[in-house]
Each structure stands twice: as C-alpha cells, then as structure tokens.
**Student:** 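This is the structure I have questions about; it appears just below.
Positions are given from 1 along the sequence. Bear in mind that the values here come from a model prediction, so they are computed numbers and not experimental data.
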Amino acid sequence: MAQLPRNHADLWLRTFVPRPDARVRLVCFPYAGGGATAYKEWADLLPSSVELVAVQYPGRQDRFDEPPLSDMVTLVDRIVPVILTCFDKPVAFFGHSMGATVAFEVAHRLRPRYPSPLMRLFVSARRAPSDPSSKPLSFVSDEEVLAYMRALGGSGVGLLEDRDLKELLLPMMRSDFGMVANYRYAPGAPLTCPITAISGSRDTGFTLSHAQRWSDHTVAGFDAHSLPGGHFYTESVPEQLTKLLTERLGITALAGAARRETQEVET
C-alpha cells in the first residue's frame, strides 16, 4: 500500500512534542468521546527516546467541522494508510477503551508480515474482541449515554454539565458508541507482536481476569498489569502508566526524564 502525502497524515496525527531522534514512536488511539489531547500530558512524561503520536478521529476538537464516523471498518480503512507514515522507526500502539479495539484492528491489517512491523500492542480498559462476556453497548436515549459517561468518570464528564457543550458533544458521542455497539469481531490469525493488557484496579468492567483473554490474540507473548484507579486510571496515574509503557518497550531511561532535563536547563 502506497504511503499518503505528509499533509494528509497531519490531518489524522498529532505530535505534541516532536522528537526526530527518538528510538521508538508510540501511537495512541483515543477512547469513545475522546480526542488526541487526552494523551498530550504523556509526551512530557515519556523519555526523549520515545515520540508520542496521537490519532485524531473526525468530529472532535480541531476536526469538529467534519462528520464523525460511526463504522469501525471505515475508521480503520482511513487510519491504516496514515499509520504507515509512522513506520520509519519502530512503532508501538496504545489504545484505551474503544481505542484498544481500533488499535487492534489497525494492527491486524499489518499482521501478514512476519516479523511484525509493530513492536507491541498496549490494550487498556477494553475486553478482548473474542471475549464472550463482552456485550455491545445499547442506548435508547441521550440521557442513557450521559448516565453511562458519568458512571465511567474521567475529566471530560464535567463538560457534559454545560448545556451548550453537551449539545455539541452528543452527536460525536452517539457516533462513537454506535461504532462500539455495531462492531463485530471477524476471527482471524493472531497478531505476531506482543500484547500488554492494562486495567484499572477499580474498573469492574475490565479486570485482570478479563485482560487475560487478550492472550488469545497473539503468538508473540502476553502480559497483564493493574494500576490504581477506575476506568480512567489513565488520568489518575499517568506517571505510573508511562513508566510501565517505557519498561515494556525496553527503554531503560526513566519516564519523565525528558521533562526534568528541560526544567534543569531552564533554571
């Protein structure tokens, strides 16, 4: 598949702290209702040897004027050729909640090559596609969508209390949840890259027991971890999480080193 022009990749990808000399590129996929800026803080917490790139789906933040996509296949079709522009160095994927499914499906498109062009797939707070206990989301009304979001928590919940913002955000949220509800896993060959599954210790919807089911989707190694917090533990313990990601990527530098070095230079 031919790579797309760089300007098209810029429509889909956000690099908050460019690191052209980084050894590894970590591509992050947002959760339902989320955008690329959910990962902005991580760029400063990761060592200088890791460059963070966040995927920006249509219909949110700086792509708000575009209609959101409500079909997983279409979303993945659009992302795959863009992601190929990232593979000028080793790449790993991280996906949280719905983003874990998107990352998995994108990784699956890369699977035919061995060894895998992907270093590792990190899946967070999302049950494995083959897990029979995973039930599709179904909402009858906007109030049910809002109630579900409030139950999950996260920093974005406060925005839903603003009437005007709520009206702006609901179409995108309905689209994202519709995408999750309509997603159907098509069984296929397992991935040839390792998978690391991560759960929040208080997330009853995705426990370490659920995480183990991801081991069925790779022939290259699997490990699971639990970090303090609920579904959005990613916001409550970002330093612990980025340290874990760094370790699993085989990077020896301590997470946060890049930020501390910058602060020392400034002082």
**Student:** Could you give the distance from SG (C28) to NZ (K40), rounded to the nearest 0.5 Å?
**Tutor:**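 Result: 14.5 Å between the selected atoms.
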**Student:** Quick check for you: to the nearest 0.5 Å, what is the distance between E41 atom CD and L46 atom CG?
**Tutor:**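 The CG atom of L46 is 10.5 Å from CD of E41, to the nearest 0.5 Å.
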**Student:** For a 4.5 angstrom cut-off between non-hydrogen side-chain atoms, does T15 reach L52?
**Tutor:**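 A side-chain contact is absent here, since even the closest heavy-atom pair is not under 4.5 Å.
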**Student:** Which residues satisfy the salt bridge (charged side-chain N to carboxylate O under 4.0 Å, His left out) test with R25, sequence neighbours excluded?
**Tutor:**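 So R25 forms a salt bridge (charged side-chain N to carboxylate O under 4.0 Å, His left out) with E51, D88.
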**Student:** State which residues pass salt bridge (charged side-chain N to carboxylate O under 4.0 Å, His left out) with D77; sequence neighbours excluded, sorted by chain then number.
**Tutor:**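 By the salt bridge (charged side-chain N to carboxylate O under 4.0 Å, His left out) rule, D77 matches R109.
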**Student:** Heavy atoms, side chains only, cut-off 4.5 Å: are Y57 and L69 in contact?
**Tutor:**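 A side-chain contact is absent here, since even the closest heavy-atom pair is not under 4.5 Å.
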**Student:** Return the OG to CG distance between S226 and L208, rounded to the nearest 0.5 Å.
**Tutor:**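 Here the interatomic distance stands at 5.0 Å.
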**Student:** Listed by chain and number, what are the side-chain contact (heavy atoms from CB on, under 4.5 Å) partners of A38, not counting sequence neighbours?
**Tutor:**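 With sequence neighbours excluded, A38 shows a side-chain contact (heavy atoms from CB on, under 4.5 Å) to Y31, given in chain and number order.
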**Student:** Any idea which heavy atoms bring M119 and P90 closest together, and the distance?
**Tutor:**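 Here M119 and P90 meet closest at SD-CB, 3.4 Å.
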**Student:** Report the residues that fulfil ring-ring contact (aromatic ring centres under 6.0 Å, His included) with H217, sequence neighbours left out, ordered by chain and then residue number.
**Tutor:**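 With sequence neighbours excluded, H217 shows a ring-ring contact (aromatic ring centres under 6.0 Å, His included) to F104, Y185, W214, given in chain and number order.
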**Student:** Any chance you could lay out the side chain to side chain contact (heavy atoms under 4.5 Å, CB included) test for V123 and I195, step after step, and finish with the verdict?
**Tutor:** CA-CA 7 Å; V123 291; I195 295 178; 3.9 Å; yes
**Student:** How close do T234 and S124 get, heavy atom to heavy atom, and via which atoms?
**Tutor:**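 Closest approach of T234 to S124, heavy atoms only: CG2-OG, 4.1 Å.
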**Student:** Given side chain to side chain contact (heavy atoms under 4.5 Å, CB included), test F122 with L244 step by step and report yes or no.
**Tutor:** CA-CA 11 Å; F122 294 98; L244 172 62; 5.8 Å; no
**Student:** Determine whether F206 and R127 make a side-chain contact, defined as any pair of heavy atoms from C-beta on separated by less than 4.5 Å.
**Tutor:**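 F206 vs R127: side chains touch.
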**Student:** Please answer: with hydrophobic residues joined when any side-chain heavy atoms are less than 4.5 Å apart, are L11 and V27 in the same cluster?
**Tutor:**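 Yes: a chain of side-chain contacts under 4.5 Å links L11 to V27.
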**Student:** So do H96 and Y233 actually touch side chain to side chain, heavy atoms under 4.5 Å?
**Tutor:**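 Y233 reaches H96 side chain to side chain.
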**Student:** F222: which residues meet the ring-ring contact (aromatic ring centres under 6.0 Å, His included) condition with it, sequence neighbours left out?
**Tutor:**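 Not a single residue meets the ring-ring contact (aromatic ring centres under 6.0 Å, His included) criterion with F222.
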**Student:** Just by distance, with hydrogens left out, do S97 and H231 show a side-chain donor and acceptor under 3.5 Å apart?
**Tutor:**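 Side chains of S97 and H231: pair found under 3.5 Å.
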**Student:** Within the 4.5 Å heavy-atom criterion, are R213 and S130 side-chain neighbours or not?
**Tutor:**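 Yes. Closest side-chain heavy atoms under 4.5 Å.
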**Student:** Any chance you could measure F87, atom CZ, to L110, atom CG, to the nearest 0.5 Å?
**Tutor:**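 The distance works out to 5.0 Å.
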**Student:** Can you name the salt bridge (charged side-chain N to carboxylate O under 4.0 Å, His left out) partners of D21, sequence neighbours left out?
**Tutor:**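 D21 satisfies salt bridge (charged side-chain N to carboxylate O under 4.0 Å, His left out) with no residue once adjacent residues are dropped.
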**Student:** Ignoring hydrogens and angles, tell me if any N or O in the side chain of T218 forms a donor-acceptor pair with the backbone of S215 under 3.5 Å.
**Tutor:**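 Side chain of T218 to backbone of S215: no pair is present.
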**Student:** Looking at T204, is its backbone amide N or carbonyl O close enough to the side chain of T207 to form a donor-acceptor pair, meaning the two atoms are under 3.5 Å apart?
**Tutor:**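 Not a single qualifying donor-acceptor pair exists.
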**Student:** Kindly indicate, with the supporting measurements, whether the criterion side chain to side chain contact (heavy atoms under 4.5 Å, CB included) is fulfilled by V53 and V91.
**Tutor:** CA-CA 10 Å; V53 175; V91 172; over 6 Å; no
**Student:** In Å, rounded to the nearest 0.5 Å, how long is the span from CZ of R63 to CG of D65?
**Tutor:**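 Reported to 0.5 Å precision, the distance equals 9.0 Å.
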**Student:** Do K89 and V24 come close enough that some side-chain heavy atom pair is under 4.5 Å?
**Tutor:**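 Counting from C-beta outward, K89 and V24 never come under 4.5 Å.
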**Student:** Quick check: closest heavy atoms across A224 and A211, and the distance to 0.1 Å?
**Tutor:**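 The answer is CB-CB, 4.2 Å.
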**Student:** For L241 and F94: C-alpha separation, side-chain torsions, deciding distance, then whether side chain to side chain contact (heavy atoms under 4.5 Å, CB included) applies.
**Tutor:** CA-CA 11 Å; L241 176 53; F94 176 94; 4.3 Å; yes
**Student:** If only atom types and distance count, is the side chain of H210 paired as donor or acceptor with the main-chain N or O of A125 below 3.5 Å?
**Tutor:**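 Not a single qualifying donor-acceptor pair exists.
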**Student:** To the nearest 0.5 Å, what is the distance between CG on L227 and CG on D203?
**Tutor:**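 Interatomic distance, L227 CG to D203 CG, rounded to 0.5 Å: 12.0 Å.
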**Student:** So does P68 get a backbone contact from the side chain of R60, meaning a donor-acceptor N/O pair under 3.5 Å?
**Tutor:**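 The answer is no, because no donor-acceptor pair under 3.5 Å joins these two groups.
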**Student:** How about L13 and I83: do any of their side-chain heavy atoms sit closer than 4.5 Å?
**Tutor:**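 Yes, close enough: below the 4.5 Å cut-off.
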**Student:** For A43 and F16, which heavy atoms make the closest approach, and how far apart are they?
**Tutor:**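 For A43 versus F16, the nearest heavy atoms are CB-CB, 4.3 Å.
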**Student:** Write down the atom of P238, the atom of L45, and the distance for their closest heavy-atom approach.
**Tutor:**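 Taking P238 first and L45 second, the nearest heavy atoms are CB-CD1, 3.7 Å.
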**Student:** Between the main-chain N or O of L249 and the side-chain N or O of R120, is there a donor-acceptor pair closer than 3.5 Å?
**Tutor:**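 No, R120 side chain to L249 backbone: no donor-acceptor pair under 3.5 Å.
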**Student:** To check you understand the geometry: which heavy-atom pair defines the closest contact between F93 and L26, and what is its length?
**Tutor:**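 Looking at all heavy atoms of both residues, the shortest contact is C-CD1, 4.3 Å.
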**Student:** Under 4.0 Å between a Lys/Arg side-chain N and an Asp/Glu carboxylate O for E247 and K243?
**Tutor:**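 Salt bridge: yes.
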**Student:** Without swapping roles, check the side chain of E66 against the backbone of P58 for a donor-acceptor pair under 3.5 Å.
**Tutor:**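 Side chain of E66 to backbone of P58, a donor-acceptor pair under 3.5 Å: no, none is there.
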**Student:** When you compare the side chain of H108 with that of L121, does any pair of heavy atoms fall below 4.5 Å?
**Tutor:**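 In short, these two side chains do not touch, never coming nearer than 4.5 Å.
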